[in-house]
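Just so it is clear, the values below take in all heavy atoms, side chains as well, and ignore hydrogens, waters and symmetry mates. Just so you know, ligand 1 is whichever comes first in the structure, and atom 1 is the first atom listed for that ligand.
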Amino acid sequence: MGINIKVPASTANLGAGFDTLGIALNLYNEFYIEESEEDEIITIPKNSEFENPEKNLFFRVLKDVLKMYGEEHRRFKVKQINRIPISRGLGSSASVIVGGIVAGFKILDKNLDDKTFFDIAYRYENHPDNLIPAYKGGFITALKDGDKTYYQKLFFPDEIKFIVVIPDFELSTEEARKVLPENIPLKDAIFNIQRVALFISALQNRKYELLKVAMEDRLHQPYRKKLIPEFDNVIRNAYSNGALGVSLSGAGSSIVALAKENFDAIGKAMVDTFSKVGIKAEYKILEKDDRGVYLTED
Ligand code: HSE
């Protein structure tokens, strides 16, 4: 008997909502876990770097959970299907962490409350704006205050899709945070607060013409864009092909456009902009995921 776990990708920030907003997307990493004699992990696509149980993040999280309850002697065979591109700002590590925690609690047949979830998840990464969408699904606003996390699900209209352009270079969140300043001017803080509130209410009221202004940002993108060649042109060309709002996805390197139509035209325009400077990229048309982590048994 095995457990199958699907965990969604997520896009955080959405422009102005830096370290605050995140939404789950219908692109999933999948984990199949069976009790076994030896620890073993197979990754699809094959990546030998991730096939060492002592280094594999999913396995480390799973073992940590078991250790909390004195069950670390148990051994597992895991098949990990990685569909979420790695280090591209789409919450791949959040999805693996959520998968490991949920698998551990299922194996132990224990209830997982939010506080326990966050206590474990934060040992690995500090981004509730990816972790919560991966866990709970939907569009969320989150904040971490000391050891407490507060979050709420927000309305997000079904008709808006996400065109995500994924360039073929990785950008670690660590690297993308190093370029941020320690302090920012008050006027930039005001600029962003106003836009986050406008973004949430524009979605609620379906006033999509406001999304372009609402997704402007002065807290992270102006600093991070030097790490992403053609950033401004990709954004400009997404808008000229009908995007409603465009931003860096999480810490990058992907860029996400929100749109109600012209999905392929927007995706192609973004890919072409990267290819003009010799950067290979692909685009995916995604939708919001409302379910979050999903577990089945066979
Ligand atoms: N809000 C975080 C950041 C998300 O932008 O650094 C990391 O994926």
Side-chain angles (χ1 to χ4, degrees), residues 7-25 27-29 57 61 82-99 118 121-145 149-152 154 162 164-167 169-184 188-189 191-193 195-196 199-200 214-228 231 234-235 245-258 284 286 288-289 292:
V7 196
S10 49
T11 182
N13 304 330
L14 295 143
F18 179 53
D19 280 357
T20 303
L21 301 177
I23 184 160
L25 302 173
L27 176 69
Y28 304 91
N29 281 347
L57 181 59
V61 177
N82 289 318
R83 296 197 186 91
I84 307 172
I86 295 162
S87 292
R88 302 295 205 287
L90 290 166
S92 68
S93 55
S95 117
V96 173
I97 294 162
V98 169
F118 289 117
Y122 291 148
R123 294 179 197 163
Y124 297 94
E125 78 161 52
N126 253 317
H127 303 297
D129 45 345
N130 285 118
L131 288 165
I132 302 170
Y135 185 29
K136 302 277 180 183
F139 178 38
I140 63 96
T141 183
L143 72 89
K144 181 174 182 293
D145 183 16
T149 301
Y150 302 87
Y151 69 94
Q152 285 289 290
L154 299 164
F162 303 81
V164 181
V165 64
I166 307 155
F169 62 89
E170 297 187 1
L171 182 54
S172 74
T173 302
E174 196 188 346
E175 198 187 328
R177 291 191 85 88
K178 270 194 211 147
V179 297
L180 303 179
E182 274 287 302
N183 297 296
I184 45 126
D188 288 353
F191 184 97
N192 271 55
I193 294 166
R195 279 162 180 75
V196 174
F199 182 69
I200 293 167
M215 287 179 74
E216 291 171 341
D217 155 67
R218 285 197 188 159
L219 297 189
H220 67 116
Q221 295 181 175
Y223 308 100
R224 287 173 161 173
K225 70 183 188 183
K226 62 178 172 228
L227 304 172
I228 297 153
F231 179 80
V234 171
I235 298 227
V246 192
S247 70
L248 191 62
S249 181
S253 57
S254 301
I255 294 173
V256 60
L258 274 51
K284 290 184 190 294
L286 300 175
K288 122 185 110 142
D289 165 282

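For the atom pair CD1 of Ile23 and CG of Leu258, the computed distance is 7.5 Å after rounding to the nearest 0.5 Å. Once rounded to the nearest 0.5 Å, the distance linking CG of Leu21 with OG of Ser10 reads 12.5 Å. Considering OG of Ser247 and CD1 of Ile255, their distance stands at 8.5 Å, rounded to 0.5 Å.
Other residues, nucleotides and ligands contribute at most 12 non-hydrogen atoms within 6.0 Å of the CD atom of Gln152.
Neither the backbone nor the side chain of His220 comes within contact range of ligand 1; no heavy atom lies under 4.0 Å.
Using a 30° and 60° split on the angle between ring planes, Phe199 and Phe139 fall in the perpendicular class, above 60°.
Within ligand 1, the atoms closer than 4.0 Å to a non-hydrogen atom of Arg224 are 3 (C), 5 (O), 6 (O), numbered from 1 in the order shown. Residue contact check: Asn13 has heavy atoms under 4.0 Å from atoms 1 (N), 3 (C), 5 (O) of ligand 1. Near Asp19, meaning under 4.0 Å from any of its heavy atoms, are these atoms of ligand 1: 1 (N), 2 (C), 3 (C).
Summary of contacts: the protein heavy atom closest to atom 3 (C) of ligand 1 is Arg177 NH1, 3.2 Å. With hydrogens left out, the protein atom closest to atom 4 (C) of ligand 1 is Asn130 OD1, 3.6 Å, a heavy atom.
Counting only distance, with no hydrogens or angles, the side chain of Ser254 and the backbone of Gly252 share no donor-acceptor pair below 3.5 Å.
The N/O atoms of Asp129, backbone and side chain alike, include one that comes under 3.5 Å of an N/O atom in ligand 1.
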